[in-house]
Amino acid sequence: SQQGEEDPQALSIQEGENATMNCSYKTSINNLQWYRQNSGRGLVHLILIRSNEREKHSGRLRVTLDTSKKSSSLLITASRAADTASYFCATTGGGNKLTFGTGTQLKVEL
Amino acid sequence: SAVISQKPSRDICQRGTSLTIQCQVDSQVTMMFWYRQQPGQSLTLIATANQGSEATYESGFVIDKFPISRPNLTFSTLTVSNMSPEDSSIYLCSVVSSGSAKTQYFGPGTRLLVL
């Protein structure tokens, strides 16, 4: 069964606005990774945050991790139409196997 | 980051047939995985491809249905056997980076439609 739940399932915003996606998980983790998937193609790795980190930035992306609440958020600032995609969080526990969340479909409209 | 290629990128197959998907990495990697993404769903791990030994399958996946080969540290194949329409999915291979961060990178996927 999927460990992670993401919300919202779908998000529609205007270009230039910020998009926030949330991910919750159930068990202890070593790290959490966020991925983007365009139109059912391969996954593009966005960012990895370790369990001992609370916040990480990469360009227009900001990821937070709250291990006490078992949750993470991905913020995309100043969104663009090209950001339209599905976004997934994935966690690893003791090994390297990824457990994926349910995903958020983001649509950025012009 | 690792550069991963998959062949074929997509295929349409008849039920009862088998398809072998190839995954090639541009560098030697220890950990390689195969995932399935059913239509409109998230990704589910099928198995860990072990070099020199039998793959390790997740619950719900068996070797007879999804035989995997891993002849070396840069290449693996996944076969989808005796296909049915329920096998229509995107199949993706992934590798774990050699660095301490253990970032996992994915291939472009193979989109399979079974008629």
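Keep in mind the model is a prediction, meaning the values are calculated, not measured. Residue numbers start from 1 in every chain, and the chains themselves are labelled A, B, ... in the order their sequence lines are given, proteins ahead of strands.
For the pair A:E55 and A:R62, the salt-bridge criterion is met [side-chain N within less than 4.0 Å of a carboxylate O]. Contact check on B:D11 versus B:R111 returns no salt bridge, with no Lys/Arg side-chain nitrogen under 4.0 Å from an Asp/Glu carboxylate oxygen.
Neither the backbone nor the side chain of A:E6 comes within contact range of chain B; no heavy atom of the residue lies under 4.5 Å from a heavy atom of that chain. With a threshold of 4.5 angstrom between heavy atoms, A:N31 approaches chain B through side-chain atoms but not through N, CA, C or O. Heavy-atom distances place both the backbone and the side chain of A:L98 under 4.5 Å from chain B.
When hydrophobic clusters are built by joining Ile, Leu, Val, Met, Phe, Trp and Tyr residues whose side-chain heavy atoms come closer than 4.5 Å, directly or via intermediates, B:V95 is not grouped with B:I68.
Using a 4.5 Å heavy-atom cut-off against chain A, the contacting residues of residues 46-61 of chain B are B:T48, B:E58.
In this structure, B:Y35 and A:F100 have perpendicular ring planes: the angle between them is above 60°, well past the 30° mark. Classification of the B:Y91-B:F66 ring pair by plane angle, with boundaries at 30° and 60°, yields tilted.
If you check the side chains of B:S69 and B:T77, you find a donor sitting under 3.5 Å from an acceptor.
Between chain A and the options B:Q41, B:M31, B:Q37, B:Q6, heavy-atom pairs under 4.5 Å are most frequent for B:Q37. When the candidates B:G109, B:P108, B:P39 are compared by the number of heavy-atom contacts under 4.5 Å with chain A, B:P108 comes out ahead.
With contacts defined as side-chain heavy-atom distances shorter than 4.5 Å, the pair B:F75/B:R70 does not qualify.
One finds the OG atom of A:S86 at 4.5 Å from the CD atom of A:Q105 (value rounded to the nearest 0.5 Å).
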